[in-house]
Amino acid sequence: MSAGRREAALYLKRPEEDSWPFRMVSQGSSPSLLEALSSDFLACKICLEQLRVPKTLPCLHTYCQDCLAQLAEGSHLRCPECRESVPVPPTGVAAFKTNFFVNGLLDLVKARAGGDLRAGKPACALCPLMGGASAGGPATARCLDCADDLCQACADGHRCTRQTHSHRVVDLVGYRAGWYDEEARERQAAQCPQHPGESLRFLCQPCSQLLCRECRLDPHLDHPCLPLAEAVRARRPGLEGLLAGMDSNLAKLEATRLAEEEALACLREQAAKVGTQVEEAAEGVLRALLAQKQEVLGQLRAHVEAAEEAARERLGELESRAQVAREAAAFARRVLSLGREAEILSLEGAIAQRLQQLQCCPWMPGPAPCLLPQLELHPGLLDKNRQLLRLSFEEQQPQKDSGKDGTRSQGGDETQPQSRDGGQTPEQDSAQPPQEDGAQTLKAERAETPQEDGAQTPKEGRAQTPQEDGGTQSPRGGRSNKKRKFKGRLKSVSREPSPAPGPNLEGSGLLPRPIFFCSFPTRMPGDKRSPRITGLCPFGSREILVADEQNRALKRFSLNGDYKGAVPVPDGCSPCSVATLQDAVAFSAGARLYLIRPNGEVQWRRALSLCQASHAVAAMPSGDRVAVSVSGHVEVYNMEGSLATRFIPGGKASRGLRALVFLTASPQGNFVGSDWQQNSLVVCDGLGQVIGEYRGPGLHGCQPGSVSVDKKGYIFLTLREVNKVVILDPKGSLLGDFLTAYHGLEKPRVTTMVDGRYLVVSLSNGTIHVFRVRPPDS
């Protein structure tokens, strides 16, 4: 082997270049180039393929020339990424600047993408030029300057010739692996698009156009031109200055973005704090009203008891004097009618003296003046336009010593915000007991007498009249032990509102309130097992139908707890969910839907999907159709058992994403369901269009339970794990707690609404509580 060939072979196989550390240094020295080659930088954002004839818009976004031609509309086109309107040159999109940078990267990618060297090795590019008949030997090296693949022999000769001895010849495997991308980019020359084979070497300063030797000698001969390296050195400082200015702008934008995010976070934090203050203020107002109610009722009872005691004393005295007078008169009449003359004359003096004495005795005057109680309400409670809670907005100030509580100057009282002018808000004015003129509040006292249907709650009925059970009047402390036990048993079942209701800013600002009506067990003497109530529904006037799955029975009860019998069910059926239609009862059992008459006659049965353990049943407001939840969708059947409609809450996009375990229909014709797959409460219309959906923190991480709707559309949702029934508005927005353990709830299971105003709640132990729902405007 000649000295030149040995030198070329050594040059091709330098250990420091082929060794692993060298490759690591070369690979780590150009991360931006590797990123540009491996990412979608070379892909067109329109056709999503590799760029072909790349053209750069004034907004510096690059696309294929053909793709831009399709986007051009007249004399303008809109950039698909930044949406900036760009004027199209008169000669078309081909006149946009050619992106030589992208072209160079594409040439590098195309040169590397030569296939698998082991599957089909590329042929040498010089062997056919030397007169050989073959296509050339397998290539093992590549010249970065000529961009040719070479076999081993041609690579050795390429290194030894006078014209190419300075060319960089590298191992083809390493070139394909990307080890020499940076060096190939440095030796790569941009080709002139007008003169193939000619490299761009000059920059025409007046025209700002890249030129090759042919372009330099033709139209730009008289123009001052600079070599590319000199032109780059002259123009680089200006571009770097602009880039530094852009970096400064980007830093300002980032600072502005951080400030916006901080302001948004501050707004959210302040909103959360103000929301807490609103809830606390509303609770404080309610507590103050309830305290005043108890105080006024106590004063009323004390006044009535004192007046009754004084009246009893006067009545006793009057009765005693009347008895004495009647006895004297009766004696005188007997003597006059039955006595003999001597007897009459002998007693005449005594009788006359006694009758004169009784006639001369001062009689009691008329009834003592009775002070009749009158309720005087504060004017603020009667003014419907007066806002007890009001928000004011102020511009955020630089944070110096903003209070940790996030409130403005409130004198340490978080529940009494101030108005814009610094004066006292109506809440502060109306929350105080107005005692100066002897006026006593509370509007709620008139609502404390539940006269509807003759129903009275314990303690409230006793507070209204001293007569109990229509019998004689009993002393205040003379109640029997039975009544005391009854009072103690109902002590946990309060008629007061929930201790922590959420504020409802509509109407009067108060939520519907529960008033305890009665409580009764559902286990009957014939039951073999403890009741397991899985369904409730209204049944006629002031009656409910209870589905006892454990005892396979449909039991009838009045709202007072009187057992009215049972509706016969087919043998072997364990009713789960139940609903009442016109003279019929619909219930689900297993994977079937039944419609039966009150006498037990089966009208029809329908098979349901087996992929759901239980199926919720709800009666439509018209009473002639029944809805049942089946595998995430709702099916509606008419009285004849025909499928009337079928829909998925949220449409087909929600297919397979719903699991309605509880379902009910509102008087307005909407459906309300508990979705266990989305862990939310969903409200939709009869076509499946979602009106509202709640999955917020008010669920306390629990799966939503049974749902009921009153006549005004308020939704009552059961949360069994936390012993609560929460209330939502007709669109599914949480308003607050309606029933809690404070009201005697212990693992509530299912609920129903009777007559639109009685909420019936069944517990896991088979007990049923009935609460009357007092609307906020009552």
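Just so you know, these numbers use all the heavy atoms, side chains as well, and skip hydrogens, waters and symmetry mates.
Between L717 and V707, the shortest heavy-atom contact is CD1-CG1, 3.5 Å. The minimum heavy-atom distance linking F716 with V773 is given by the pair CZ-CG1, 4.0 Å. The nearest pair of heavy atoms linking P748 to N723 is CD-OD1, 3.7 Å. Nearest approach of D710 to G756, heavy atoms of both residues: CB-O, 3.5 Å. The two residues T534 and C576 come nearest to each other via the heavy atoms OG1-O, 2.7 Å. Taking each heavy atom of S674 and P704 in turn, the nearest pair found is CB-O, 3.5 Å.
By the 4.5 Å heavy-atom criterion applied to side chains, V602 and P570 are counted as neighbours. Within the 4.5 Å cutoff, the side chain of V578 has heavy atoms near those of the L554 side chain. The closest side-chain heavy-atom distance from V546 to L536 is below 4.5 Å. Considering only heavy atoms from C-beta on, I544 comes within 4.5 Å of I768 through its side chain. Under the 4.5 Å side-chain criterion, counting only non-hydrogen atoms from C-beta, V754 is not in contact with R542.
The salt bridge (Lys or Arg N to Asp or Glu O under 4.0 Å) check on R695 picks up E693, with sequence neighbours excluded. Residues passing the salt bridge (Lys or Arg N to Asp or Glu O under 4.0 Å) test with D527 are K555, sequence neighbours excluded. Every residue was checked against the side-chain contact (heavy atoms from CB on, under 4.5 Å) condition with P730, not counting sequence neighbours, and none meets it.
Among residue pairs with one or both ends in residues 556-581, those qualifying as ring-ring contact (aromatic ring centres under 6.0 Å, His included) are F520-F557, F557-Y563; sequence neighbours excluded. Residue pairs satisfying the ring-ring contact (aromatic ring centres under 6.0 Å, His included) criterion with at least one member in residues 667-695, sequence neighbours excluded, are listed as follows: F647-F671. Within the structure, no pair that satisfies the ring-ring contact (aromatic ring centres under 6.0 Å, His included) test touches residues 611-632, not counting sequence neighbours.
The backbone N or O of L657 lies less than 3.5 Å from a partner atom in the side chain of Q678, making a donor-acceptor pair. Judged by distance alone, with hydrogens and angles left aside, the side-chain atoms of S764 form a donor-acceptor pair with the main-chain N or O of K747 at under 3.5 Å. One N or O on the side chain of T580 and one on the backbone of P538 form a donor-acceptor pair closer than 3.5 Å. Checking side-chain atoms of W604 against main-chain N and O of M639 turns up a donor-acceptor pair under 3.5 Å. A side-chain donor-acceptor contact under 3.5 Å links H633 to the backbone of V630. With hydrogens and angles ignored, the 3.5 Å screen pairs no side-chain donor or acceptor of D675 with any backbone N or O of L660. Of the possible donor and acceptor atoms, one in the side chain of D729 sits under 3.5 Å from a partner among the backbone N and O of K731. Remark: side-chain polar atoms of R658 are paired, donor with acceptor, to backbone N or O of P649 under 3.5 angstrom. No donor-acceptor pair closer than 3.5 Å links the side chain of S666 to the backbone N or O of G713. A donor-acceptor contact shorter than 3.5 Å is absent between the side chain of S680 and the backbone of V682.
Between the side chains of S558 and N560, no donor-acceptor pair is found at a separation under 3.5 Å.
S530 OG to N765 CG: the interatomic distance, rounded to the nearest 0.5 Å, is 9.0 Å. Within the model, atoms CD of E635 and OG1 of T645 stand 10.0 Å from one another, a figure rounded to the nearest 0.5 Å. Rounding to the nearest 0.5 angstrom, the gap separating the CD atom in E601 from the CD1 atom in I596 is 10.0 Å. Atoms CG and CE, on L759 and M753 in that order, are 4.5 Å from each other to the nearest 0.5 Å. Atoms CG and CD1, from D548 and I533 in turn, are 6.5 Å apart once rounded to the nearest 0.5 Å. Note that NZ of K711 and CD of Q668 are 12.0 Å apart. Values are rounded to the nearest 0.5 Å.
Among the candidates R532, R749, R529, the single residue satisfying the salt bridge (charged side-chain N to carboxylate O under 4.0 Å, His left out) test with E549 is R532.
Aromatic ring pairs are classed by plane angle as parallel below 30°, tilted from 30° to 60° and perpendicular above 60°; the pair H743 and F771 is perpendicular.
Around atom CD of E746, no more than 12 heavy atoms belonging to other residues, nucleotides or ligands sit under 6.0 Å away. When the shell of 6.0 Å around CG of D583 is examined, it contains 12 or fewer heavy atoms from other residues, nucleotides or ligands.
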request  = Could you give me the CA-CA distance, side-chain angles and deciding distance for L745 and K724, then say whether side chain to side chain contact (heavy atoms under 4.5 Å, CB included) is met?
outcome  = CA-CA 7 Å; L745 292 193; K724 280 187 178 183; 5.8 Å; no
query = Passes side chain to side chain contact (heavy atoms under 4.5 Å, CB included), T718 versus V750? Steps please.
reply = CA-CA 7 Å; T718 304; V750 291; over 6 Å; no
